[in-house]
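A short worksheet on the structure shown next.
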Amino acid sequence: MTISTSIGAAAVLSLGGPGAAAARVTEIGKPAVAAVPSCPTSPCLAVSRTTGFQAKVGTSRGLFTVPRDGKIVAWTISLGKPTRKQITFFNTNEGGAASAGITILRPGKHLVYRVVDNSPLVALTPYFGLTAQFPLDRTLAVKRGWVVALTVPTWAPALAVGFRNDTSWRASRAKSKCNDTTTQSAQQRNGTLIQFYCLYRTARLTYSATLISTP
């Protein structure tokens, strides 16, 4: 089940005026086959206190690389449905209730990215067990080659697991902190330079973003 708000329709319709006929709508990161978040199965694994993006799924790379100039008008996330006990555990150990947003990154050399822009954070608890779309009141301008990442300052049940080693995602944790899921590494300050060194295999982040290309 996918849910959204009436703002979503308004955001897209506002781009339907003169000159918009040549614009293209692209869902960045949308998989050919939907991935199911791990929760509530045991172990219930979640993304926590970081900014990340999918590096590879099988032979496909650059799934969250912006294909053309335009604006991000909405983002979508598929969430698991953790049990009360699991929710209490994560809320206690990961800084509070589940929340997330998206971050726009401009790539540089040696896996270093600059934070260009951020969406507002959204409280996720009401959407557990659903695929929810969150339209943006302020759209995010992007250029071809930039990356749309998921930022989670607390935690989010948005991780699908059990894939082969050719499936992986990167996080903004320090090289020596790849196994540290409690230190805050979520990137929410524009202009920040951060190295996405840490690579996590056999898992997929379950989010995407809606791009309206520049006509």
Side-chain angles (χ1 to χ4, degrees), residues 28-31 35-39 43-58 60-66 72 75-80 82 89-91 93-119 121-122 124 140 142 145-209:
I28 299 173
K30 184 176 181 179
V36 180
S38 65
C39 303
C44 170
L45 301 178
V47 184
S48 60
R49 297 190 179 189
T50 198
T51 295
F53 60 88
Q54 199 71 34
K56 188 180 179 185
V57 175
S60 299
R61 298 177 182 270
L63 298 174
F64 286 90
T65 299
V66 177
I72 302 297
W75 64 282
T76 301
I77 190 167
S78 294
L79 298 167
F89 172 84
F90 285 119
N91 286 352
N93 292 282
E94 301 298 348
S99 62
I102 57 171
T103 294
I104 307 300
L105 303 170
R106 185 173 68 201
K109 297 180 179 180
H110 308 299
L111 297 176
V112 173
Y113 293 75
R114 183 181 295 276
V115 177
V116 176
D117 210 346
N118 281 277
S119 76
L121 296 174
V122 176
L124 299 178
L140 307 179
V142 293
W146 291 4
V147 173
V148 182
L150 181 69
T151 286
V152 182
T154 52
W155 67 283
L159 194 65
V161 299
F163 298 93
R164 299 184 304 181
N165 278 337
D166 59 2
T167 294
S168 57
W169 65 282
R170 290 195 177 276
S172 56
R173 297 186 176 109
K175 184 177 180 179
S176 61
K177 298 285 187 177
C178 291
N179 294 324
D180 181 356
T181 62
T182 58
T183 298
Q184 185 61 262
S185 65
Q187 303 302 311
Q188 297 177 271
R189 181 175 296 179
N190 293 352
T192 301
L193 285 172
I194 188 72
Q195 186 176 45
F196 281 74
Y197 176 85
C198 296
L199 184 71
Y200 302 92
R201 300 185 186 277
T202 72
R204 284 172 56 180
L205 300 172
T206 55
Y207 76 103
S208 63

Can any side-chain N or O of Thr51 pair as donor or acceptor with the backbone N or O of Ser172 at less than 3.5 Å? no

Could you pull out the closest heavy-atom pair between Ser119 and Gly101, with the gap in Å? OG-CA, 3.5 Å

Is there a donor-acceptor pair under 3.5 Å between the side chain of Thr151 and the backbone N or O of Ala186? no

Listed pairs under 3.5 Å, donor-acceptor, residues 188-198 side chains, sequence neighbours left out:
from, atom 1, to, atom 2, distance (Å)
Asn190, OD1, Asn118, ND2, 3.1
Thr192, OG1, Arg189, O, 2.8
Gln195, NE2, His110, O, 2.9

Sequence-distant partners of Thr181, side chain to side chain contact (heavy atoms under 4.5 Å, CB included), two or more places apart: Ser48, Glu94, Arg173

Rounded to the nearest 0.5 angstrom, the CD1-OH distance for Ile28 and Tyr207 is 9.5 Å

Counting only heavy atoms not in Lys56, do more than 12 sit closer than 6.0 Å to its NZ atom? yes

Check whether Gln54 reaches the backbone of Phe64 with its side chain - one donor and one acceptor, N or O, closer than 3.5 Å. no

Between Pro107 and Gly145, which heavy-atom pair has the shortest distance, and what is it? CG-O, 3.3 Å

Value for NZ (Lys177) from OG1 (Thr50), rounded to nearest 0.5 Å, stands at 13.0 Å

Going by the rule side chain to side chain contact (heavy atoms under 4.5 Å, CB included), which residues pair with Phe163 if we only count those two or more places apart in sequence or in a different chain? Ala35, Ala160, Thr167, Arg204

Check: Arg106 main-chain N/O paired with Arg114 side-chain donor or acceptor under 3.5 Å: no

Quick one: list whatever passes side chain to side chain contact (heavy atoms under 4.5 Å, CB included) with Ala158, sequence neighbours left out. Ile77, Leu79, Ala156, Thr206

Point-to-point distance, once rounded to the nearest 0.5 Å, from CH2 of Trp75 to OG1 of Thr103: 10.0 Å

Return each pair, listed once, that meets salt bridge (Lys or Arg N to Asp or Glu O under 4.0 Å) where at least one residue sits in residues 158-171; pairs must be two or more places apart or across chains. Arg164-Asp166

Looking at Thr154 and Ala97, would you say the former's side chain and the latter's main chain have a donor-acceptor pair under 3.5 Å? yes

Strictly distance-based, threshold 3.5 Å: is any side-chain N or O of Tyr113 a donor or acceptor partner for the main-chain N or O of Trp146? no

With distance as the sole test, does Gln187 use its side chain to make a donor-acceptor pair with the main-chain N or O of Ser185 at under 3.5 Å? yes

Using 0.5 Å steps for rounding, measure from the CG atom of Asp117 to the CG atom of Leu140. 5.0 Å

Student check: side-chain heavy atoms of Phe90 and Cys44 closer than 4.5 Å: yes

Please name all residues satisfying side chain to side chain donor-acceptor pair (under 3.5 Å) with Thr183, sequence neighbours left out, ordered by chain then number. Asp180

Considering non-hydrogen atoms only, spot the tightest contact between Cys178 and Tyr200 and give its length. O-OH, 2.6 Å

Within the distance-only criterion (no hydrogens, no angle test), does the side chain of Trp169 pair as donor or acceptor with the backbone N or O of Thr202 below 3.5 angstrom? no

If you round to the nearest 0.5 Å, how far is CG of Leu159 from OG of Ser78? 12.5 Å

Minimum heavy-atom distance between Leu150 and Ala100, given as atom pair plus value: CD1-CB, 4.1 Å

